[in-house]
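In this text, all values refer to a predicted model and were calculated from it rather than measured experimentally.
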Amino acid sequence: MNGVAALRQVLAADAALTALVPAPRIVAGVMPQGTALPAVSITSVGANNRNLADPGANRHVSERVQATVLAANYPAQKAIMAAVTKAAADKFPTVAGLSAVTIHALSDGPDFMNEDASIYLGSIDFRITYLEQR
């Protein structure tokens, strides 16, 4: 379990977001080619573990996680990005295997378009902190 799984759990459980993107199309990892639109792909950008002199049974992890929205048009991309941010920003979810989970929205990334596939893309970065067992 990690920040990617924590964010996926929160997004897939949000009724407003799943009204726009079915939960099976909110995935951890890279979206398979040919996936129906719209979809959300969640990936880890990087993680830092705090090394303490006497850490105990848990360690504190701060992970940057990116949610990438894939949509058929620009208005849909922007609507889904807003729903992703609203679903996950400033949340303190209960996540199996982790404790003290906090999710904060950092910033939106640039807009893209894959012209060959006619896919509009946009990303949102999140800072997810949690305690995990050593």
Side-chain angles (χ1 to χ4, degrees):
M1 190 59 75
N2 58 28
V4 170
L7 183 58
R8 198 246 167 228
Q9 174 185 306
V10 169
L11 295 181
D14 186 80
L17 177 58
T18 58
L20 300 173
V21 181
R25 285 193 246 145
I26 300 172
V27 302
V30 177
M31 190 64 61
Q33 196 169 24
T35 299
L37 300 177
V40 178
S41 171
I42 305 165
T43 55
S44 178
V45 175
N48 294 317
N49 303 315
R50 292 191 182 161
N51 294 320
L52 304 173
D54 187 14
N58 296 311
R59 68 178 172 178
H60 184 266
V61 178
S62 178
E63 185 173 4
R64 188 170 145 215
V65 175
Q66 185 174 80
T68 302
V69 171
L70 299 88
N73 57 57
Y74 190 69
Q77 172 207 326
K78 289 307 208 183
I80 295 165
M81 287 180 66
V84 166
T85 299
K86 187 173 182 180
D90 303 321
K91 300 290 187 210
F92 307 94
T94 299
V95 179
L98 302 176
S99 60
V101 178
T102 303
I103 301 175
H104 292 292
L106 294 178
S107 63
D108 290 358
D111 296 326
F112 295 97
M113 183 190 181
N114 180 326
E115 291 187 26
D116 293 336
S118 293
I119 300 174
Y120 290 79
L121 301 108
S123 62
I124 308 160
D125 283 358
F126 293 89
R127 173 70 59 210
I128 303 176
T129 59
Y130 51 90
L131 295 176
E132 68 179 2
Q133 288 187 331
R134 291 185 168 273

> Please say yes or no: joined through hydrophobic side-chain contacts below 4.5 Å, possibly via intermediate residues, are Val4 and Val84 part of one cluster?
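In one cluster with Val4: Val84, yes.
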> Measure the NZ-CG distance between Lys78 and Asn73 for me, rounded to the nearest 0.5 Å.
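Separation between the atoms: 12.5 Å.
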> If you group Ile, Leu, Val, Met, Phe, Trp and Tyr by side-chain heavy-atom gaps below 4.5 Å, do Val45 and Ile42 land in one group?
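Different hydrophobic clusters.
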> Quick one: pull up CE in Met81 and CG in Asp108 and give me the separation to the nearest 0.5 Å.
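Rounded to the nearest 0.5 Å, the CE-CG separation comes out at 4.0 Å.
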> Specify the closest pair of heavy atoms between Ser123 and Thr68, including all atoms of both residues, with the distance to one decimal.
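Result for this residue pair: CB-OG1, 4.0 Å.
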> By side chain to side chain contact (heavy atoms under 4.5 Å, CB included), which residues pair with Val27, not counting sequence neighbours?
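So Val27 forms a side chain to side chain contact (heavy atoms under 4.5 Å, CB included) with Met31.
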> Give the minimum heavy-atom separation between Thr18 and Leu11, together with the two atoms involved.
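What the structure gives for the nearest pair is CG2-O, 4.1 Å.
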> Identify the two heavy atoms, one from Leu37 and one from Ser118, that lie closest to each other, and give their separation to 0.1 Å.
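Looks like CD1-O, 4.4 Å.
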> How long is the gap from CD on Glu115 to OH on Tyr120, to the nearest 0.5 Å?
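Atom-to-atom, Glu115:CD and Tyr120:OH are 8.0 Å apart.
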> So which atom in Leu20 and which in Pro38 form the shortest heavy-atom distance, rounded to 0.1 Å?
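Result for this residue pair: O-CG, 3.2 Å.
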> Can you tell me how far the CZ atom of Arg59 sits from the CG atom of Leu131, to the nearest 0.5 Å?
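One gets 11.0 Å once the value is rounded to the nearest 0.5 Å.
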> With rounding to the nearest 0.5 Å, note down the distance linking OG1 in Thr43 to CZ in Arg8.
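Answer rounded to 0.5 Å: 14.5 Å.
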> Identify the two heavy atoms, one from Ala67 and one from Leu7, that lie closest to each other, and give their separation to 0.1 Å.
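Closest heavy-atom pair between Ala67 and Leu7: CB-CD2, 4.3 Å.
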> Run the side-chain contact (heavy atoms from CB on, under 4.5 Å) test on Leu70 and Thr35 for me, step by step, so that the C-alpha distance in whole Å, both residues' side-chain angles and the decisive distance to 0.1 Å come before the verdict.
CA-CA 10 Å; Leu70 299 88; Thr35 299; over 6 Å; no
> Would you check if the side chain of Ser44 reaches a backbone N or O of Val65 as a donor-acceptor pair within less than 3.5 Å?
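No: the side chain of Ser44 does not pair with the backbone of Val65.
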> What residues, two or more places apart in sequence or in another chain, satisfy side-chain hydrogen bond (donor to acceptor under 3.5 Å, both in side chains) together with Arg127?
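Per chain and number, Arg127 pairs via side-chain hydrogen bond (donor to acceptor under 3.5 Å, both in side chains) with no residue.
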> Does any non-hydrogen side-chain atom of Tyr130 lie less than 4.5 Å from one of Glu63?
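Of all side-chain heavy-atom pairs linking Tyr130 with Glu63, at least one is under 4.5 Å.
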> Will you find, in the side chains of Gln77 and Asp111, an N or O donor that is under 3.5 Å from an N or O acceptor?
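On atom types as modelled, these side chains qualify, holding a pair under 3.5 Å.
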> Tell me whether Leu98 is reachable from Val10 by hopping between hydrophobic residues (I, L, V, M, F, W, Y) whose side-chain heavy atoms are closer than 4.5 Å.
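Shared cluster, yes.
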> Could you see if Val61 belongs to whatever hydrophobic cluster contains Val101? Use Ile, Leu, Val, Met, Phe, Trp, Tyr and a side-chain cutoff under 4.5 Å.
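In one cluster with Val61: Val101, yes.
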> Please round to the nearest 0.5 Å and tell me the distance separating atom CD1 of Ile124 and atom OG1 of Thr85.
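Reported to 0.5 Å precision, the distance equals 3.5 Å.
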> Considering all heavy atoms of both residues, which atom of Leu17 and which atom of Asp14 are nearest to each other, and what is their separation?
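So the minimum-distance heavy-atom pair works out to N-OD2, 2.9 Å.
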> Ile80 and Leu121: same hydrophobic cluster, using ILVMFWY side-chain contacts below 4.5 Å?
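As far as the 4.5 Å side-chain criterion goes, Leu121 and Ile80 are not connected within one cluster.
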> Go through the structure and list residues passing side chain to side chain contact (heavy atoms under 4.5 Å, CB included) with Thr102, not counting sequence neighbours.
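Applying side chain to side chain contact (heavy atoms under 4.5 Å, CB included) to Thr102 gives Phe92, His104, Thr129.
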